[in-house]
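Letters A, B, ... mirror the listed sequences (proteins, then strands); counts begin at 1.
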Protein chains: 2
Amino acid sequence: MTTARRDTYTPQTLLEVAVRVFNERGYDGTSMEHLSKAAGISKSSIYHHVAGKEELLRRAVNRALDGLFAVLSEEHARVGRAVDRLEYVTRRTVEVLVDELPYVTLLLRVRGNTDTERWAMERRRDFDHQVAALLKEAAADGDLRSDVELRLATRLLFGMINSVVEWYRPDSRGAADGAEIADAVVRLAFAGLRTDG
Amino acid sequence: MTTARRDTYTPQTLLEVAVRVFNERGYDGTSMEHLSKAAGISKSSIYHHVAGKEELLRRAVNRALDGLFAVLSEEHARVGRAVDRLEYVTRRTVEVLVDELPYVTLLLRVRGNTDTERWAMERRRDFDHQVAALLKEAAADGDLRSDVELRLATRLLFGMINSVVEWYRPDSRGAADGAEIADAVVRLAFAGLRTDG
DNA sequence: GTCTATATTACGATAGAC
DNA sequence: GTCTATCGTAATATAGAC
């Protein structure tokens, strides 16, 4: 818990420490005392860098959300057949999730107890809805199997994607990287989704 | 938040209220004050029924774990071809998850901050490992596609199953029941897993 | 079985020295 | 930029009356 770390913090470097502790203990389970121990500075020193605990949460979830929304703006997410765009967005979402792992992890766990959390949940729902729209479009094109109900498939696809934060650890030896995991997700999910298998 | 509910509690009926609030606000984000408001009795009255907050958590996660382990003891989980046993366990796990939704939801969210939480995480890991062993056996039988790495497939299958707690709500109109969701999971996942598609 | 009142500790945040 | 000291509040839990 007490991480050595001298040589002055910035809001960003402090955020890295905080997000790690938030993910270990949960946001509500983390006190400023926990953060100060992990950062190796006193509680009051933290307030020199950020306004408080909730600002750290806000910075973290916004970073995650910005990364996710950026995917929807990419060219391959906007042009082409819907089912292919869906597959592309699925792949890139997994990659962002792996690249920004601690931030997305925190985002996926907020419960809505504060304004910041509710705002994060709302933006996240917006992202989900945009992907769900892609799925709907692909179904209308006749590119998705019809024996699995659409809303259900959307939920399960997200479930598979989002579950990556529960086990992926970049440091583990021989671990797959973002692209490999994305491959596996796309292969597994789209085998059950695409009309052609 | 303030749920009307007069006519004396038992540990079990109090548990039902507590687990609902735990799932709404998170365990660490829930105070005894929150619980007392939701139950409609005073804080101190809660201590008449249970030893404290952590006992409520312990009762809840144990109920979830008992339900999950019971699946592994069922006949179809113990005899037959491994891939079929895996499919059966997958289906039944989803059903238990839906039947015991609030309890399993809580189980899947514990972070390990207390002894109770660490104990729950350990038992849950044990369950996961037993299912993972089934997957390994099915692969050895040549019944699983070999182009998706085994550990990865295990993780993603669990991710899909466990994600059900994030969105399934038994009260929503026209919602699928446990068996239907289990069907969808099995169809989607095993299309990408089984050698024959 | 439920209550009010309270003990005790932990929390988020601030004041002010260096 | 970091510290010690501290404020005010909210937390878990208990005491004891009814």
Between [atom2] on [N] and [atom1] on [X], what's the gap in Å once rounded to a whole number?
{"X": "A/Asn113", "N": "D/dA10", "atom1": "CG", "atom2": "P", "value": "15 Å"}
{"X": "B/Ile46", "N": "D/dA15", "atom1": "CD1", "atom2": "P", "value": "18 Å"}
{"X": "B/Met32", "N": "D/dT14", "atom1": "CE", "atom2": "P", "value": "10 Å"}
{"X": "B/Lys53", "N": "D/dA10", "atom1": "NZ", "atom2": "C1'", "value": "12 Å"}
{"X": "B/Leu14", "N": "C/dG1", "atom1": "CG", "atom2": "C1'", "value": "12 Å"}
{"X": "B/Glu33", "N": "D/dA11", "atom1": "CD", "atom2": "C1'", "value": "10 Å"}
{"X": "A/Leu35", "N": "C/dA10", "atom1": "CG", "atom2": "C1'", "value": "15 Å"}
{"X": "B/His49", "N": "D/dA13", "atom1": "NE2", "atom2": "P", "value": "16 Å"}

Minimum heavy-atom distance between B/Arg59 and B/Val50, given as atom pair plus value
NE-CG1, 4.2 Å
Exercise: identify the closest heavy-atom pair between A/Val98 and A/Gly178:
CG1-CA, 3.8 Å
So, A/His34 and A/Ser31: side-chain donor and acceptor under 3.5 Å apart, yes or no?
yes
Please check the phosphate of D/dT2 (OP1 and OP2 only) for any side-chain N or O of A/His48 closer than 4.0 Å.
no
List for me each residue that meets salt bridge (charged side-chain N to carboxylate O under 4.0 Å, His left out) alongside B/Arg118, sequence neighbours excluded, and say none if there are none.
B/Asp115
Test: A/Lys53 cationic atom under 6.0 Å from A/Tyr27 six-membered ring centre, within 45° of axis:
yes
Five pairs per end, C1' atoms only: what is the angle between the end axes of the helix from C/dG1-D/dC18 to C/dC18-D/dG1, to 10 degrees?
0°
With A/Ile41, the side-chain contact (heavy atoms from CB on, under 4.5 Å) member among A/Val17, A/Leu35, A/Ile46
A/Ile46
Atom pair CG (B/Asp177) and OH (B/Tyr168), whose distance is rounded to the nearest 0.5 Å:
6.0 Å
Roughly how far, to the nearest 0.5 Å, is the CG atom of B/Asp28 from the CG atom of B/Leu57?
9.0 Å
Return the nearest nucleotide to the side chain of B/Tyr47; candidates are D/dT12, C/dC11, D/dA11.
D/dT12
By the 4.0 Å heavy-atom rule, please label B/Ser36 as base, sugar-phosphate, or nothing.
nothing
Provide a list of protein-nucleic acid N or O atom pairs under 3.5 angstrom, restricted to nucleotides 4-7 of chain D.
from	atom 1	to	atom 2	distance (Å)
D/dT4	O4	A/Ser44	OG	2.5

Main chain of A/Leu101, side chain of A/Thr105: is a donor-acceptor contact present, judged purely on distance under 3.5 Å?
yes
